[in-house]
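Working notes, structure below.
Just the heavy atoms: all of them, side chains too, but no hydrogens, waters or symmetry mates, feed the values below. The residues of the chain are indexed from 1 along the displayed sequence.
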Amino acid sequence: MADIRVLEKQVAEFIAAGEVVDRPASVVKELVENSIDAGATALTVEIQKGGIAFLRVTDNGCGIPSSQVPTAFLRHATSKIHTQEDLEQIGTLGFRGEALASIATVSRVEMLTCLQGEIAGTRYVIAGGEEQAYEEAGCPPGTTIVVRDLFYNTPARMKFLKSDMTEAKAVAGVLDHIALSHPEISIRFLKDGKEELHTPGDNRLKSAIYAVYGKEFTAGLLPVQYELDHITVQGFVSKPSAARPNRSMQMFFINGRCVKSRTAAAAVEQAVKGSIMVGKFPACVLHIGVSCQAVDVNVHPAKLEVRFFQEKPIFDAIYHGVKTALQTGDTPKPLVFPKEETAPIPVLRQEKLFSGSARPVLSDEKKETSFFVKQTEELPIALPAASPVARKPSAWTLQDSGNERPRQPKPPVEAVSAKETGTAKEEAPAPAQEWLAGRPCRVIGEVFDTYILVELDGENLWLVDKHAAHERLLYEKIKGQKEGEEAQLLLEPIPVTLDKTEYAAVLESLDIFSQAGLELEDFGGGTVLVRSAPLSLEGADISGAVMEMAGHLAQSKTDVTAEHIDWLYHNMACRAAVKAGDRLDTLELAALVQELQEHPEVRYCPHGRPIYIAVKRKDLEKQFGRI
């Protein structure tokens, strides 16, 4: 280990101003990065009450010599760099020498450290920047740092902290990124005595991803392995079928450092363009290896952003790496044809009835009739198919299933033929455009697979935006339902894997989701289960809806308001509504128009766009010179 020394003033002035310690997550990030720089292969992080009351980081790194322990808590004291030239080739995670000094200023800190191979170590205690104890102590090789009562002497910072659960999830998010950036290190995270994360440290990135995000997320990934002009790109990118509604699961690591990079994000999204739906985004965990001289990490206080000296080589390497992964790994699923089944032959079979009489049983599905008779033989016989029973149309629902054809509702019945047998009446379906319960309204069809043409009262022409209309009607249903009303229990719960920040936002807003008919349950490890969903979301992308709502809630800096709840309703309705471009038949179009007529107050979609435009017959006739 290099000596810890205070940087000379002229060197310190070249370092970007360090970010103040503002929450437990930032404390964990700084301490864990120090452990990694110290060569640790295993480290444990423990927190209580969100890390505010108690936080401990233990590693098996090289340790700190006893004589250098007090120096480590001085500002700009570091062993990572010593000269201005060192700033041009930073290969460690930390280098500013500000973390321990900042932490010790706003908390009570205790350090136990011992060099590898030494018998005794050192115990050092500092509170509010003032040394309390400095003595020899027995401890295992490595370093343990305990931080208690964070911000005990700075109440102004304390009031900006969130709930214990939110702060704990922020800590978990930091450790997720650390685990993915260094799969060779075994990381264990304990929250209030319960293990939340434990990575194997087997140097396999996929193992780390599995430990952090679980089986479902990992199963939707494709391996990326590429090198271009001495730039390496390794990791995983999601399959097009596993695309997400936001960018929250895009993670980039430059030389083992978790960063936010617009260049990298743009390269990934350009590579998958044309392979995923518009409005969807790929997930990825990518490690980019570049020369230390080709990247500047000293541009952001939290070291989250970097500057490349040449952007294009980085873009090209990532683009071609992801493109190659998609071309070689995203193979289509094989088409499996079901086995042909021979239709059963209708038979006359013997059955005894309590009444002793024979009666027919009609089956619409098999189109056959079976008679119960008093016979001792079973004879094959061809019988006429049962006549379909006419039904009234059910509530108009569509499945948002891409190019699949929506279910066809059976035509309603209004006309009754003169032919009658006994008391039963034969009913014949009316023409599709005339079944609107006697209303003076005729659905002509639709244009551009988007707008419905409706003749109303013989004097007006309506052009109805079918997506806007369906979206607003669903929005009113969801908004008007009581908590838990019109929700259906799913046969199988739907798991939704989230970023830890989104995960915390969802867990704090479970009552909000419940109001919208979505029953969510904490499954642990950044995953929630959807137990029930509104009937109006039938066939919609429920998982995607929850992801998008979670991202929206996570970005909100304040508590959830009525405006956020309303946005959630909008989102659910938009996802479940029929889309422009979906081809519908006349019956489905007419059902939507009928529902609009039953709700005359509905005139605009939730986004404020008009649902329909009315054109008077008189105006048309003027245009054609008839009047």
Side-chain angles (χ1 to χ4, degrees), residues 21-35 40 42-60 103-104 106-112 125 127 139-140 142-152 154-155 157-180 185-201 208 210-214 495-511 513 520-529 550 553-554 559:
V21 174
D22 60 349
R23 64 189 310 185
S26 60
V27 175
V28 169
K29 177 179 180 295
E30 297 292 348
L31 296 182
V32 169
E33 287 182 350
N34 282 344
S35 296
L43 58 90
T44 301
V45 177
E46 305 169 68
I47 65 171
Q48 295 177 9
K49 295 183 178 180
I52 302 170
F54 177 86
L55 186 157
R56 176 164 55 198
V57 176
T58 303
D59 68 55
N60 64 348
I103 295 169
V106 295
S107 63
R108 310 180 198 275
V109 178
E110 179 182 4
M111 172 186 283
L112 291 170
V125 180
C139 56
T143 301
T144 297
I145 296 181
V146 180
V147 179
R148 295 183 175 89
D149 303 327
L150 187 62
F151 302 137
Y152 79 98
T154 54
R157 289 192 194 176
M158 176 72 76
K159 69 179 182 181
F160 287 103
L161 294 177
K162 304 295 183 182
S163 66
D164 290 351
M165 182 175 69
T166 300
E167 296 299 337
K169 295 304 178 187
V171 172
V174 167
L175 293 176
D176 284 352
H177 291 164
I178 294 292
L180 297 176
I185 300 177
S186 176
I187 296 179
R188 188 168 179 240
F189 174 45
L190 301 174
K191 183 187 76 173
D192 296 323
K194 179 182 177 182
E195 184 175 272
E196 297 286 326
L197 174 69
H198 195 177
T199 63
Y210 188 97
V212 172
Y213 292 122
V496 182
T497 303
L498 302 169
D499 172 83
K500 288 301 189 297
T501 304
E502 298 173 340
Y503 180 47
V506 168
L507 294 185
E508 289 192 335
S509 307
L510 291 178
D511 56 330
F513 284 89
L520 305 185
E521 177 183 313
D522 183 10
F523 192 63
T527 300
V528 295
L529 294 180
L553 293 172
D559 295 334

Quick one: pull up [atom1] in [X] and [atom2] in [Y] and give me the separation to the nearest 0.5 Å.
X: Phe523; Y: Thr497; atom1: CZ; atom2: OG1; value: 9.5 Å
X: Phe54; Y: Leu150; atom1: CZ; atom2: CG; value: 13.0 Å
X: Glu110; Y: Arg148; atom1: CD; atom2: CZ; value: 5.5 Å
X: Leu520; Y: Leu510; atom1: CG; atom2: CG; value: 6.0 Å
X: Ile145; Y: Glu30; atom1: CD1; atom2: CD; value: 11.0 Å
X: Asn60; Y: Ile185; atom1: CG; atom2: CD1; value: 9.0 Å

Minimal non-hydrogen separation, [X] against [Y], with atom names:
X: Gly50; Y: Glu167; result: O-CB, 3.6 Å
X: Ala550; Y: Ala505; result: O-CB, 4.5 Å
X: Pro24; Y: Leu161; result: CD-CD2, 4.1 Å

| request: For a side-chain contact (heavy atoms from CB on, under 4.5 Å) with Ile47, tell me which candidate from Val57, Ile52, Leu55 qualifies. | output: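 Answer after filtering Val57, Ile52, Leu55: Leu55.
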
Report yes if the side chains of [X] and [Y] come closer than 4.5 Å at any heavy-atom pair, otherwise no.
X: Thr143; Y: Ser35; value: no
X: Leu507; Y: Lys169; value: yes
X: Asp22; Y: Phe160; value: no
X: Tyr503; Y: Asp522; value: yes
X: Leu31; Y: Ile103; value: yes
X: Pro495; Y: Leu529; value: yes
X: Val45; Y: Val32; value: yes

I'd like a table of donor-acceptor pairs (distance under 3.5 Å, sequence neighbours excluded) in which one partner is a side-chain atom from residues 186-194, with atom names and distances.
unit_1, atom_1, unit_2, atom_2, d
Ser186, OG, Thr199, O, 2.9
Arg188, NE, Glu195, OE1, 2.7
Asp192, OD1, Lys49, N, 3.1

| Neighbour count above 12 (heavy atom, 6.0 Å) for Tyr152 OH |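 Yes, enclosed.
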
